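A short write-up of the structure that comes next.
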Amino acid sequence: MNHVRKALLAIAGGHFLVEWYAAFLPPLVPIFRTRLGFSLGAAAALGASLPIVSGLVQTAFGLLSDHMRHANALVVASSIFAAVSLALLPFARSFGWLLLIFTAIALSLAMFHPQGAAVTSQLSLTNKGRFMSVFNFGGSMGSFVGSLVVIPLFGLLHLERFWILAIPGIALGFFQALALPRQEDPERATRNGNVGRMNDSPAFKGYLMLVANAMLTATILNGVTILLPLLFQELGFQPGKAGIYLAVGSLVGAIANVIGAELSDHVGRRTVNLIGATGVAVTLLMFVLTGSTSIIWFPAMSFFSCFTLSSNIVFAHELITNHRGLVSASIMGLSWGVGGVVVIILGQWAQHTSITSAYHLLIGVAAVLVVFAFLLPTRHAISAAVASVPAQEQG
């Protein structure tokens, strides 16, 4: 196995692992809610703590990774930290301790994503969308497997023996330490454009529009998936039912991520965003109209919500060519953190009305997403903006 494939395996494996651990948590929220007796609003806030903390703190880790000489240590540390945090789950005897463990696993996500994406984008010069899709495929499969097996593992191990699940994370951390490439020297970082201000880029406005699109998409996917286990609990379904839905959604999202990334290399990033936004709006509408329990429309919505995950990271790197860690964090982190904050508001709304009415609000968000997708810059507009800079300097 050559060093590029080995590094990609270490990064995609890390993405699988941290998302695997994180996927354990939402299906367990109804169980802890029954044990500890907290409200629907508190349960929604607990589930939303994952994207909020991992998203907002991820920006800080993005800034840090851009200036660290050995930034790949963040990838290694994230695997070990997530594993140790999950092993502490049996000690959650109160809502406060449970929130602390959720926050710790969210921090491992924040630690991993910026540098993981930054390294992935540097592994290939010609197939950036494809390599990024492998990176995100690992994460999506982690969510799929985690959501699918958490309730069976809960029945098999009980919380007291969840520490066993920490062993793969610690083992992977050692593999990553050996497999990941050495950090580039400062002179090479300068040549790669990791200096200067982001807003100096001629395509900066387009980048801001892309971040807005990512935020709207994250709001929709976070809102539906975090509230789904709570909706199923109110409907009297078995705890494993929500886990199956989330697992199928993650699997379909993994496939969509690969298709969207590959397609974006050929037809353009903006076109893929238009397809994804329109698909999200239509499938979310059908999901709500069918009672928010459809095993057909939920995965369909997950498909289009994940359609642009990888292509938008590459899109952002094309719009802003410096500060790759921070740019990655803004698409994968900041957007999901803001989406998580909105879910807390939705949780309060659902507590006073219903979860279905919260889904109705998300349909309006999906309509705005379609409009914003049309405002993204085209390939021609990006090329024209970049070409205008030398002309202005000569003038």
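In what follows, every heavy atom counts, from backbone to side chain, and hydrogens, waters and symmetry copies are set aside. Because the structure is predicted, anything quoted here is derived from the model rather than measured.
- Arg269 contributes no side-chain N or O that, together with a main-chain N or O of Asn312, makes up a donor-acceptor pair within less than 3.5 Å.
- When side chains are defined from C-beta on, Ile101 does not count as touching Trp97, because their heavy atoms never get closer than 4.5 Å.
- In this structure the side chain of Pro168 reaches within 4.5 angstrom of the side chain of Leu17, judged on heavy atoms.
- Heavy atoms of other residues, nucleotides or ligands lying less than 6.0 angstrom from CD of Glu234 number more than 12.
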Worksheet item: Checking side-chain contact (heavy atoms from CB on, under 4.5 Å) for the pair Arg35/Leu159: CA distance, chi angles, key distance, verdict?
Response: CA-CA 13 Å; Arg35 285 188 171 191; Leu159 284 177; 3.4 Å; yes
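- Within 6.0 Å of atom CG in Leu157, more than 12 heavy atoms from other residues, nucleotides or ligands are found, so the atom counts as buried in its surroundings.
- Side-chain atoms of Gln115 do not come within 3.5 Å of backbone N or O of Leu74 as any donor-acceptor pair.
- Below 30°, between 30° and 60°, or above 60°: for Phe307 and Phe304 the angle between ring planes is between 30° and 60°, a tilted geometry.
- Checking side-chain atoms of Asn213 against main-chain N and O of Ala373 turns up a donor-acceptor pair under 3.5 Å.
- Between the side chain of Ser108 and the backbone N or O of Ile105, at least one donor-acceptor pair lies under 3.5 Å.
- Atom CE of residue Met209 and atom OH of residue Tyr207 lie 13.5 Å apart, to the nearest 0.5 angstrom.
- Both Leu180 and Ile80 are members of a single hydrophobic cluster when ILVMFWY side chains are connected at heavy-atom separations under 4.5 Å.
- Using a 4.5 Å heavy-atom cutoff, the side chains of Phe16 and Val145 are in contact.
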Worksheet item: Which is it for Ser140 and Asn257 under the side-chain hydrogen bond (donor to acceptor under 3.5 Å, both in side chains) test, yes or no, and what are the steps along the way?
Response: CA-CA 8 Å; Ser140 297; Asn257 167 46; 4.7 Å; no
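- A side-chain donor-acceptor contact under 3.5 Å links Gln58 to the backbone of Ser54.
- In this structure, Gln233 and Thr34 have side chains that are in contact, with non-hydrogen atoms separated by less than 4.5 Å.
- Taking the six-membered ring for Trp and thresholds of 30 and 60 degrees, Phe287 and Tyr359 have ring planes inclined between 30 and 60 degrees apart.
- Using bins of under 30°, 30° to 60° and over 60° for the plane-to-plane angle, the ring pair Tyr21/Phe24 lands in the perpendicular bin.
- Both Leu235 and Val248 belong to a single network of hydrophobic side chains, linked directly or stepwise wherever heavy atoms of I, L, V, M, F, W or Y lie under 4.5 Å apart.
- In this structure, CG on Leu40 lies 5.0 Å from CD1 on Ile355, to the nearest 0.5 angstrom.
- In this structure, His15 and Phe112 have tilted ring planes: the angle between them lies in the 30° to 60° band.
- Side chains of Val342 and Asn222 form no contact here, defined as non-hydrogen atoms less than 4.5 Å apart.
- To the nearest 0.5 Å, the span separating CG on Leu274 from CG on Leu369 amounts to 9.5 Å.
- Atom CG of Leu246 is separated from atom CG of Leu228 by 5.5 Å, given to the nearest 0.5 angstrom.
- The side-chain heavy atoms of Leu50 and Thr103, taken from C-beta on, include no pair separated by under 4.5 Å.
- At distances below 3.5 Å, at least one donor-acceptor pair connects side-chain atoms of Gln176 with backbone N or O atoms of Ala10.
- You'll find the side chain of Thr225 stays beyond 4.5 Å of the side chain of Tyr245, heavy atoms only.
- In this structure, Val119 and Phe135 have side chains that are not in contact, with every pair of non-hydrogen atoms separated by 4.5 Å or more.
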